[in-house]
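Right, one structure below, let's go through it.
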Amino acid sequence: MCEFCLKHGEGKKWYLQAANYSEDLLSDIRRRRFIENFLTKTDHLSDSIRKLETLAKAPAIIKSIVGRLITRKMKKDHFGQVVPIEDIERIFEFVNSVARVPCVCRLTTLGEDKRYCYGISIAPDGGKFGQIIRGLDKSFLGGPDNLALEQLTKEQALADIRDHEKEGLCHTVWTFGTPFIAGICNCDRADCLAMRCTVTHQIPVMFPAEYITSVDPDLCTGCRQCMRLCQFGAISYSAANKKIVIDKARCYGCGICRSLCPENAIGLQDRKWN
Ligand code: SF4
Ligand code: SF4
């Protein structure tokens, strides 16, 4: 089990623990304020991009110290973990309401309203989380609240999330005041700031899945379709064997590579944490 399961899972994967989605956690006014600020004061994301670019030019020792501080803070406030589609389906077995909302990362990086993010709640009507978003009114990303908050059935949301997978987007769950989980995102390396921070700048704020992948060499034909989808640069091609090779140190266990494999040659196994 990973450190988050040990701390917040009570014997389960932490994101399959319904208590981490509970309405009680939203009684905390600081957590509510954090969510409101996160969604409305999006300037902090542009600031983060500038700071990361400055940090990238700093001496290694400074990068290392500041990077650790960022990771520590994000684990406390707002971190993500990669989750394969099977576990997204398990989450949808116990959450009771799903709302699609604009992605604040894409709003910052692309200047566009891309609906790749899903607010999830254990309450059938969105509960306190829905109230927070509806309460943001017109200030919420510049639009009327009924446009910014699309209520979906769980079936609709899952179908859309499966479509995002075919686009090569990696599913992640996110805390808002750890351990409270309120969001499922669909990330890519170019547009998602957390993935940029984690993969490009090597400052972890988004963590690998509870799984890791492997390829069956007897089934792999070396077509290389899977390579197109890996956001983490974990797949390479062996010209000698005419098959792909997965770098276990780089694989985040998202399972996205499976969706294009015509031979069903890629599987997920439980990750062994050190
Ligand atoms: S190789 Fe690993 S990280 Fe890359 S797409 Fe497959 S599961 Fe995800
Ligand atoms: S898509 Fe499947 S068959 Fe093609 S290279 Fe990847 S693992 Fe092998």
Residues Thr213 and Cys251: closest non-hydrogen pair is CG2-SG, 3.5 Å
Lys243 side-chain N/O to Asp218 backbone N/O, donor-acceptor pair under 3.5 Å:
no
Checking Ile244 against Met227 for the side chain to side chain contact (heavy atoms under 4.5 Å, CB included) test, could you report, in this order, the C-alpha distance in whole Å, the side-chain angles of both residues, the deciding distance, and whether it holds?
CA-CA 8 Å; Ile244 58 116; Met227 291 176 75; 4.2 Å; yes
List in chain and number order the residues that pass side chain to side chain donor-acceptor pair (under 3.5 Å) with Thr198, two or more places apart in sequence or in another chain; answer none if no residue qualifies.
none
Side-chain contact, heavy-atom cut-off 4.5 Å: Leu158 with Glu89?
yes
Is the shortest heavy-atom distance from the side chain of Thr109 to the side chain of Ile49 under 4.5 Å?
yes
Are the side chains of Cys5 and Lys12 in contact, using a 4.5 Å heavy-atom criterion?
no
Would you say Val98 and Leu169 are hydrophobically clustered, going by side-chain heavy atoms of ILVMFWY under 4.5 Å?
no
Are Ile85 and Ile266 linked, directly or through other ILVMFWY residues, by side chains that come within less than 4.5 angstrom of each other?
no
Report the residues that fulfil salt bridge (Lys or Arg N to Asp or Glu O under 4.0 Å) with Lys166, sequence neighbours left out, ordered by chain and then residue number.
Asp163
Within the structure provided, determine whether Gln17 and His8 are in side-chain contact (heavy-atom separation under 4.5 Å).
no
Using a 4.5 Å cut-off on heavy atoms from C-beta on, say whether the side chain of Leu152 contacts that of Asp160.
yes
Residue pair Leu219 / Ala265: nearest heavy atoms and the distance that separates them:
CB-CB, 3.7 Å
Min side-chain heavy-atom separation Cys220-Val215 under 4.5 Å
yes
I'd like to know if the side chain of Asn20 reaches the main chain of Phe180, judged simply by a donor and an acceptor atom lying under 3.5 Å from each other, with no hydrogens or angles considered.
no
Measure across Glu165 and Gly255 and return the closest heavy-atom pair with its distance rounded to 0.1 Å.
OE2-O, 4.0 Å
For the pair Ile203 and Leu55, evaluate side chain to side chain contact (heavy atoms under 4.5 Å, CB included) and give the outcome as yes or no after the intermediate values.
CA-CA 11 Å; Ile203 299 173; Leu55 184 61; 3.6 Å; yes
Is it possible for you to say whether Val199 and Val205 belong to one hydrophobic cluster, with membership spreading through side-chain heavy-atom contacts below 4.5 Å?
no
Side chain to side chain contact (heavy atoms under 4.5 Å, CB included), that's the test. Do Cys261 and Gln225 meet it? Break it down for me.
CA-CA 6 Å; Cys261 179; Gln225 291 292 317; over 6 Å; no
Side-chain donor-acceptor contact under 3.5 Å, Asp87 with Tyr211
yes
Starting from Met74, can I reach Met206 by hopping between I/L/V/M/F/W/Y residues whose side chains sit under 4.5 Å apart?
no
If the condition is salt bridge (Lys or Arg N to Asp or Glu O under 4.0 Å), which residues does Arg224 pass it with, not counting sequence neighbours?
none
Where Tyr21 and Ile122 come nearest, the two heavy atoms and their spacing
O-CG2, 3.6 Å
Report, as yes or no, whether the 6.0 Å neighbourhood of atom CD on Glu10 holds more than 12 heavy atoms from other residues, nucleotides or ligands.
no
SB check Asp77 Lys73 (cutoff 4.0 Å)
yes
Is Arg115 salt-bridged to Asp113, cutoff N-O under 4.0 Å?
yes
With Phe232, which residues qualify under ring pair (Phe, Tyr, Trp, His ring centres under 6.0 Å), at least two apart?
Tyr252
Would you say the side-chain atoms of Arg31 pair up with the backbone N or O of Phe176, donor to acceptor, closer than 3.5 Å?
yes
Taken in chain and number order and not counting sequence neighbours, the residues that satisfy salt bridge (Lys or Arg N to Asp or Glu O under 4.0 Å) with Arg33 are Glu36
Taking atom types as modelled, is there a side-chain donor on His171 or Tyr118 under 3.5 Å from an acceptor on the other?
no
Between Glu167 and Arg162, is there a salt bridge with N-O shorter than 4.0 Å?
no
Under 4.5 Å between any side-chain heavy atoms of Pro84 and Arg258, yes or no?
yes
Are any of the side-chain nitrogens in Lys75 or Glu3 under 4.0 Å away from the carboxylate oxygens of its partner?
yes
Taking every heavy atom of Ala209 against every heavy atom of Arg271, the minimum-distance pair comes out as O-NE, 2.8 Å
Cluster check Leu69, Ile61: I/L/V/M/F/W/Y, side chain < 4.5 angstrom:
yes
Given salt bridge (Lys or Arg N to Asp or Glu O under 4.0 Å), test Arg32 with Asp28 step by step and report yes or no.
CA-CA 7 Å; Arg32 295 170 68 93; Asp28 181 344; over 6 Å; no
Would you say the rings of Phe4 and Phe207 are close, in the sense that their centroids are separated by under 6.0 Å?
yes
Counting the benzene-type ring for Trp, do Phe79 and Trp14 have ring centres under 6.0 Å apart?
yes
Between Leu110, Thr108, Val104, which is the residue that forms a side-chain contact (heavy atoms from CB on, under 4.5 Å) with Arg106?
Leu110
Under a 3.5 Å distance rule, please check whether Glu53 uses its side chain to pair with a backbone N or O of Arg50 as donor and acceptor.
no
Minimum heavy-atom separation for Cys257 and Ile235, please, with both atom names.
CB-CD1, 3.8 Å
Applying ring pair (Phe, Tyr, Trp, His ring centres under 6.0 Å), name anything that partners Tyr15, two or more places apart in sequence or on another chain.
none
Does a donor on one side chain sit under 3.5 Å from an acceptor on the other, for Gln81 and Thr172?
no
Carefully, step by step, assess Ile62 and Ile65 under the rule side chain to side chain contact (heavy atoms under 4.5 Å, CB included).
CA-CA 5 Å; Ile62 303 286; Ile65 293 168; 5.7 Å; no
